[in-house]
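Structure first, commentary second.
In what follows, every chain begins at residue 1, and chains take the letters A, B, ... in the order their sequences are listed. These values consider heavy atoms only, across backbone and side chains, with no hydrogens, waters or symmetry-generated copies.
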Amino acid sequence: MFRDTVSREPTASTLAVGSRPSRIRTMNLLNELRSLFEPALLAVGADPAKVPDYLGMVKPSADAKHGDYQANFAMPLAKVLGKKPPEVAKEIIDATPTDGVIEPPTVAGPGFINLKLTDAWIAEQVQTIAASDRLGVAMAATPKTFVIDYSGPNVAKPLHVGHLRSTIIGDALVRLLRFLGHTVVGDNHLGDWGTQFGMLIYGYRTFLNKEAYKSDPVRELARLYVLVRNVGGTIDILSNAFTNFRDQAAFEADPVAELTRLYVNGLKRAKGSDDDDDEAKGPFVNPVADAYRRETAKLHAGDADNLKLWQEFMPACMEEIHKVYRQLDILPMDHELGESFYQPMLAGVVEELQAKGVSETGDGGSVIIRFGENNVALIRKRDGAFTYTTTDLATIKHRIATWKPDAVLYVVDFRQGHHFKNLFTAAERWGFSGVEFNHVSFGSVLGKDGKPLKTRDGGVPELSTLLDRAVELGGHLFELIHWQRAAMGHDVPKWDEISDAEKQEIARVVGIGAVKYADLSQSRTSDYRFDFDKMLATNGNTATYMQYAYARCRSIFRKGNADEKAFRTRPPKVLLTHPAERALAVQLLKFEEVLSNAAAEYLPHYITQYLWDVAKAFSGFFEGCPVLTAGSEELKASRLLLTDLTARTIQTALGLLGIRTVERM
RNA sequence: GCCCCCGUAGCUCAGGGGAUAGAGCAUCGGUUUCCUAAACCGAGGGUCAUAGGUUCGAAUCCUAUCGGGGGCACCA
């Protein structure tokens, strides 16, 4: 019942140690403990149907002084059985075999059962997982197929911070689910068929700098996009103001002054700093917007010239996007099927939905899907054009037909929650039941001040600029600390003897890692503040801290001339002679438990929380337990094993988040 | 107007039925002949927005109110 998520197959390494073959197979501590209590719960008369719920009440202790885990089922059970909680607890304990896994449990407070793992069992388990190249993490017993929809940039626009979360959360989920043995299809649902291309085409025809385009098409296209957007925006503000707010007398007296006034006020309105209540809403013409919309329409209608330009622009745009992905250490996407790919299917989708009665005819010949009295989704506009809902439905059909997934995850901004709720309802009505559709939603990236992130001139910061800055700051940090340490007389290599390549590598790993970790360590669903100072802090739950902990582990092996391979192929016996050793060992055993929780809820921050716990436990160990100068060879070997396992756990966990480590820093 | 999310230490955030509500930053104090001090140890700091309710037990679940953010068919 708690077992069906992990494989029970013994691995070669567990068998090698297996003096007690029946019990010791999984590294999932929680499942192990829960299984101990199942017979006892039935024996004292718990309702078998509720046993899984009761077993769910076995959880890690909130406070270490109460043991490693606690069982809270005696209280509710006592209520049902008409007994006192401590009595029930006692009965259960008496009927529960400890199997050498736990010390005899104790009852505390109103009926808590406190569980403490035996040192012998912990030591044995740690030795076992050290020999596992998966660190004891089992493959999923029932591997599933996931389609993950993430990143989804608009191809013609530069990536900005808004794309950051979807990209790195999606990437982390791809890595995590794959690690657990699932089949994962990562699909980058590109916005490659929208208005942006109309803007590019219009910009190309109107403002193109031919030489710039020839030498660096990507940059020139980006310039055109921004230019068209700005020109369009300016004209938008001006024409609206001119139509609706013009003081005719002032305009005739001094047209320039009046236009300036209108523009300035319009800017204020556009920034939302004025109340819009008294704004007259009259129609106005924006020739630029008009023009690029026409280009978009022509493209969609199959105009040969525009299509040719689209085909010319696409590779350059994609290269620009891939460049940022590489900068971010994102795994290559399995597929990048964008809106253009689905475009030919849309008419058929609407026909099918109409035929099945999923959709109905709306105002003026449009086609809608109705979910409630005031809740409809448009799938074909009056003018015959399709919407993103139509594309998303076509995408669902294609994905299910192509990959037969058990689950489709959409890693998309929380603001689209309503859209996805409707979309999933529509998919179900269409007949795609039995598939888990899940909007893996996330909050916004805000500036340090809690407001939407803006550059100095008010624009949205481009992602690549931000990442360049992160790398630069990572490099500064490394250099700063290097000189500080040198000044303190610490054992550091000479600055000039560190190669530029290594310095650059450290800057990248630290800088990019900081950005990703800061994002992933935040609860996915809440907004977070983008703050370089905080993400590059050397203290606290940051990538830097984890990378440092890793580098310290590696340093011990370098200093001690120890070969880590020996601790993986033939792990020595683990000795727990110090509380810090025990605390670290217990943390290392929790890896699987944490990964399965993170995967079950698609919450990467469970992994960062765990990393923090491991790194803190390692710090305690590092302070309290000398490794290379341990009292005996046996103890030294045991501590080296713990050190190596810590390094591997940190490296693997960071790796699942798409964050790298360096051997020294 | 309707719907969704949020409100926890000075700040940024975890915890989302279980024991005395945690962490980082900031503040104050301490640690370096010793494997990386990018580190560690200690201290102070809370009406978990408010008011009711459910429960053996509520920061957590329910209701209402206040405050913040977001979304509501022809943009995606």
Query raised in the report: Looking only at side chains, do A:Glu601 and A:Tyr606 share a donor and an acceptor under 3.5 Å apart?
Result: yes

Atom-to-atom span, [atom1] of [X] to [atom2] of [N] - whole angstrom:
X        : N     : atom1 : atom2 : value
A:Trp612 : B:C25 : CH2   : C1'   : 11 Å
A:Asp383 : B:A73 : CG    : P     : 17 Å
A:His605 : B:G15 : NE2   : C1'   : 9 Å
A:Lys421 : B:G70 : NZ    : P     : 21 Å
A:Gln416 : B:A73 : CD    : P     : 14 Å

Requested in this report: Would you check, one step at a time, whether the test salt bridge (Lys or Arg N to Asp or Glu O under 4.0 Å) holds for A:Asp519 with A:Arg524?
Outcome: CA-CA 8 Å; A:Asp519 196 313; A:Arg524 168 165 66 67; over 6 Å; no

Query raised in the report: How far does the P atom of B:G22 sit from the matching atom of B:G42, given to the nearest Å?
Result: 15 Å

Query raised in the report: Can you tell me how far P in B:A64 sits from the matching atom in B:C74, rounded to whole Å?
Result: 30 Å

Ignoring hydrogens and angles, are the base of [N] and the side chain of [X] linked by a donor-acceptor pair under 3.5 Å?
X        : N     : answer
A:Gln484 : B:A37 : no
A:Tyr548 : B:A38 : no
A:Asn114 : B:A19 : yes

Query raised in the report: Counting just side-chain N and O atoms, does A:Arg552 come under 4.0 Å of either OP1 or OP2 of B:A37?
Result: yes

Query raised in the report: Can you check whether A:Arg529 has a side-chain N or O nearer than 4.0 Å to OP1 or OP2 of B:U12?
Result: yes

Query raised in the report: Is the closest side-chain heavy-atom distance between A:His189 and A:Thr391 below 4.5 Å?
Result: yes

Query raised in the report: Under 5.5 Å between ring centres and under 30° between planes: true for A:His490 and the base of B:A37?
Result: no

Query raised in the report: Are A:Phe112 and the base of B:A19 stacked, counting only ring centres nearer than 5.5 Å and planes tilted under 30°?
Result: yes

Query - Whichever of A:Arg485 and A:Tyr606 has its nearest RNA chain B nucleotide further upstream toward 5' - result: A:Tyr606

**Report entry** Of A:Lys79 and A:Ser619, the one whose closest RNA chain B nucleotide lies more 5'
**Finding:** A:Ser619

Query raised in the report: Can you check whether A:Glu634's main-chain N or O pairs, donor with acceptor, with A:Ser638's side chain at less than 3.5 Å?
Result: no

Report task. Taking A:Gln547 for its side chain and A:Val509 for its backbone only, find out whether a donor-acceptor pair lies under 3.5 Å. Result -> yes

Query raised in the report: Heavy atoms under 4.0 Å, any strand shown: does A:Asp363 hit a base, just sugar-phosphate, or nothing?
Result: base

